[in-house]
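First up is the structure itself, then whatever we jot down about it.
In what follows, chains carry the letters A, B, and so on, assigned in the order in which the sequence lines appear, proteins first and then strands, with residues in each chain numbered from 1.
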Amino acid sequence: MASPYAKLRHALVVSAAKAVGLSGDELTAALVSQVRVPEMGRGDLALPCFDLAKRVKLAPPEAARRIAGVLQEEAIYERVDAVGPYINVIVTARHLAESIVPAARTPGYGRDEAGAGKTVVLDFSSPNIAKPLAFHHIRSTVIGAALGRLHAARGWRVIALNYLGDWGKQFGLLASAWKRLGDPARRGDAKHLVEVYVEANREADVERHRAAIAAPVEARTLLEQLTAARHELAAASDVAARKKLESKVKGLQRKAPEGSEAAVATYLAGLDGQARAATEELPAAEARDREARLYLKRMEEGDVEALAEWREFRETSIADFLRIYSRMGIEFFALEGESRYSDVLAATIARVAEKPGVRRDDGALVVDLPEEPGQPPVLLETRDGTTLYVTRDIAAAIDRHQRFAFERSLYVIAQDQALHVSQLKKTLSAMGLSFADKMTHVAFGRIHGMSTRRGNVVFLDEVLDEAVAKARELCEASEALDATRTAETAETIGVGAIVFGDLKNLRASDYTFKLEDIINFDGHTGPYVQFTHARLASILRKSEGIPRQEAVDIGLLGTPEERAVMLALARFPDAVADACEAFEPSLLTRCVLEVAQCTSSWLSSGNQDRSKRVLVDDLALRGARLHLVSAVHSTLAAGLALLGVRAPDAM
RNA sequence: GCGCUCGUAGCUCAGUUGGAUAGAGCGUCGGCCUUCUAAGCCGAUGGUCGCGCGUUCGAGUCGCGCCGAGCGCGCCA
């Protein structure tokens, strides 16, 4: 079912084409996509006539004039202007109201059946057990959950999978460190597990120790290179050579220590000290790293004791994750970790090995992708004989296709992993599995500026708590809110602000995390939309009932504020469809914001001019306005629900 | 070095397959609580769209070059 907005565009294009003697579905489709909202608020719709004019060999302004002349005769247009090569139309308020408001009040407005009979598998959130659910996990979690709801709204069967990182070396690390660092009394405490893991990771970080050992030499080499490069630059005369040297010096300066001679000496001495310490600790770190690998090996060989330990850690982490997911209203079809595939890995490797290009290299099993020269090969198995995550992803992809026969399989994973996902798809393709084409990497950008109070991790849970605390202050001060509902409403608003805040950003671009911004509820935020929704609910409560559809003359609507609200509402179904097809929830977020903004202006206009209020004395007008209120109220609620944000009726 | 992403207002970001005078929010400044909820509304301020060529009737958008940023690149996930 087409949206009211799509119908308006379609009608305009069909008439315009007919006016110059053209028709046809293909032409119509092409023209519909050219229709836009005119600038300067000079109308409801604008059609640039370049394309149309070309087809009938007229100058664009001439074509626009002719078309405008014909459109003027149509009853649904209040005004038609040809401005140069553009046609701007204003649709009559009556037509807007009649075509939009009843549709928007229909339950299920924005939903359709485009995905009926099809299955989408979504892989999202996917935290690693033993590590905390950190703030950066919000992106995959919230984008994936929104895409699931969007697909469901379009009739898809949705399989939401949380592919836990519950297998791998990090378990060996945690288990072996637990014996030394763990507090037996706090076995079931997820926070304590994280503490142990972080410390274990630090201890066994062989790379970090080696880097520390190499650091003093590297720093001195850099300084020498910098000095040499500066001398060369001073001596060089050729312009091209100078330019090259300048950029070299600049590059070196970025990495080299700076400051006075004394400061540099102190810095180098510091590095020397760190290197000595690292040299001492390195053997222990290597031993712990080896211990962790061996533990994983024992797990993969089915060692009962090792598996029991692993299972317990896993349960503790999962319980904590589920608590946070439930705060955000997120449910999964299943939490299926990598461990699900531990039994079929050998068979998977054997199956991949049937394809040419699989070879042993320094003990490790690698797959060459010949069509990708210069690209790194895929590693299936380490020289220790343990598997890597690509191996497990291959097994998982095959399994998912067998179980769900998906039409789409979406991997909501950070952009960083682009190479990994593309290798996964290419390996599957090379194995002759054509469903690889149905797999899409829904990549998202990084969150910068995670200013932290401890270490490098901001816990998602803590950010939610901060936002809820801020919301509670406001709720306690609110006169509109019943005191018994403060806590519940604060949770709704605080969590909603965080979820909405993330989904407002274009998924592919990086964004900067600032706690102050994220818990600031002023401006275009989740609480802004929720607040608008609450105001509408309040009006409905005070209205003494909404008249039946037949008893209302909806065409009485027509102030500029009301027109703006209706036009914004008309685009809602398009936003749902577009957000789903582009895997871009922010398209819906922005649409919802626009509806809320127009509505907010509309409602506030009643403060200056009482005749613009919804609850006016003229009962016919009041009835029509109440219908618009109820249309916006239900649409905002539906939009927020798709995004995973609750809509309070008072705040 | 190779590959991917990106550079728009003081800050954070939009800008629909190339279309009219590049838009929001935050911030700053000024109005509006006798108000269907001020978490709001109205107005002002603020931009050589990184730089330079090119394609086009038309470029923030497409191509090339340069400058700058981030990420990835065999035994972690």
Protein-proximity profile, nucleotides 10-18 of chain B, B/S/- by nucleotide at the 4.0 Å heavy-atom cutoff, equals -SSSSSBB-
Out of [options], which nucleotide sits closest to the side chain of [X]?
X	options	answer
A/Asn128	B/A77, B/A24, B/G74	B/A77
A/Lys542	B/C36, B/G40, B/A20	B/C36
A/Val366	B/C75, B/G74, B/A39	B/G74
A/Ala480	B/U37, B/A20, B/C4	B/U37
A/Asn607	B/A39, B/C36, B/C73	B/C36

How far does the [atom1] atom of [N] sit from the matching atom of [M], given to the nearest Å?
N	M	atom1	result
B/C53	B/U12	C1'	32 Å
B/C64	B/C26	P	39 Å
B/C6	B/G50	P	13 Å
B/G68	B/C75	P	31 Å
B/C51	B/G47	P	14 Å
B/U21	B/G58	C1'	15 Å
B/A14	B/C62	P	15 Å
B/C11	B/U28	P	15 Å

Would you name the heavy atoms of A/Gly84 and A/Ala64 that are closest together and state the gap between them?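 Result for this residue pair: O-CB, 3.5 Å.
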Exercise: identify the closest heavy-atom pair between A/Ile90 and A/Gly43: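 So the two residues come closest at CG1-CA, 3.7 Å.
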Between [N] ([atom2]) and [X] ([atom1]): distance, integer Å:
X	N	atom1	atom2	result
A/Asp522	B/A39	CG	C1'	6 Å
A/Leu628	B/C36	CG	C1'	14 Å
A/Phe500	B/A24	CZ	C1'	13 Å
A/His441	B/U5	NE2	C1'	12 Å
A/Leu593	B/G23	CG	P	19 Å
A/Leu615	B/C36	CG	P	10 Å
A/His524	B/G40	NE2	P	9 Å
A/Arg613	B/C41	CZ	C1'	13 Å

Any ion pair linking [Y] and [X] (charged N to carboxylate O, less than 4.0 Å)?
X	Y	answer
A/Lys470	A/Glu516	no
A/Glu562	A/Arg625	yes
A/Lys169	A/Asp289	yes

Looking at every strand, decide which applies to [X] at a 4.0 Å heavy-atom threshold: base, sugar-phosphate, or nothing.
X	result
A/Cys475	base
A/Arg293	sugar-phosphate
A/Arg392	sugar-phosphate
A/Ile493	base
A/Ser538	base
A/Asp649	base
A/Asp578	nothing
A/Ala364	base
A/Ala650	base

Among side-chain atoms of A/Arg288 and A/Ser176, is any donor-acceptor pair under 3.5 angstrom?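 A/Ser176 and A/Arg288 do not have a side-chain donor-acceptor pair below 3.5 Å.
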With a 4.0 Å limit, can you tell me whether A/Ser601 has a side-chain N or O closer than that to the phosphate oxygens OP1/OP2 of B/C42? yes
Face-to-face contact A/Phe50 to B/G19 six-ring, under 5.5 Å, under 30°: yes
According to a cutoff of under 5.5 Å between the ring centres and under 30° between the ring planes, does A/Tyr528 stack with the base of B/A39? no
CA sep, side-chain torsions, deciding dist, call: A/Arg360, A/Glu381, salt bridge (charged side-chain N to carboxylate O under 4.0 Å, His left out): CA-CA 9 Å; A/Arg360 283 277 162 197; A/Glu381 199 181 72; 3.0 Å; yes
For the residue pair A/Phe313 and A/Asp166, establish whether any side-chain heavy-atom pair is separated by less than 4.5 Å. no
Hey, does A/Arg36 have a side-chain heavy atom less than 4.5 Å from the side chain of A/Tyr86?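 Result no, sub-4.5 Å side-chain heavy-atom pair not found.
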Does A/Asn88 make a side-chain donor-acceptor contact with the base of B/A20, cut-off 3.5 Å? yes
Let me know which of A/Val378, A/Leu365, A/Val367 forms a side-chain contact (heavy atoms from CB on, under 4.5 Å) with A/Val352.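 Running side-chain contact (heavy atoms from CB on, under 4.5 Å) over A/Val378, A/Leu365, A/Val367 with A/Val352 returns exactly one hit, A/Val367.
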Nearest-nucleotide 5' precedence on RNA chain B, A/Glu338 against A/Leu47: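 The answer here is A/Leu47.
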Considering heavy-atom distances to RNA chain B, does A/Leu388 or A/Ser604 have its closest nucleotide positioned more toward the 5' end? A/Ser604
Any idea how A/His533 and A/His633 line up, ring-wise: parallel (<30°), tilted (30 to 60°), or perpendicular (>60°)? parallel
Using a 90° cut-off around 0 for syn, call B/G58 syn or anti. anti
Ring-face cation contact, A/Tyr5 with A/Arg571, 6.0 Å cut, 45° max: yes
Pick one: which of A/Tyr389, A/Trp310, A/Tyr341 meets ring-ring contact (aromatic ring centres under 6.0 Å, His included) with A/Trp167? A/Trp310
Of all the base pairs, Watson-Crick or G-U under 3.5 Å, which form stems of three or more consecutive pairs involving RNA chain B? B:1-7 with B:67-73, B:10-13 with B:23-26, B:27-32 with B:40-45, B:50-54 with B:62-66
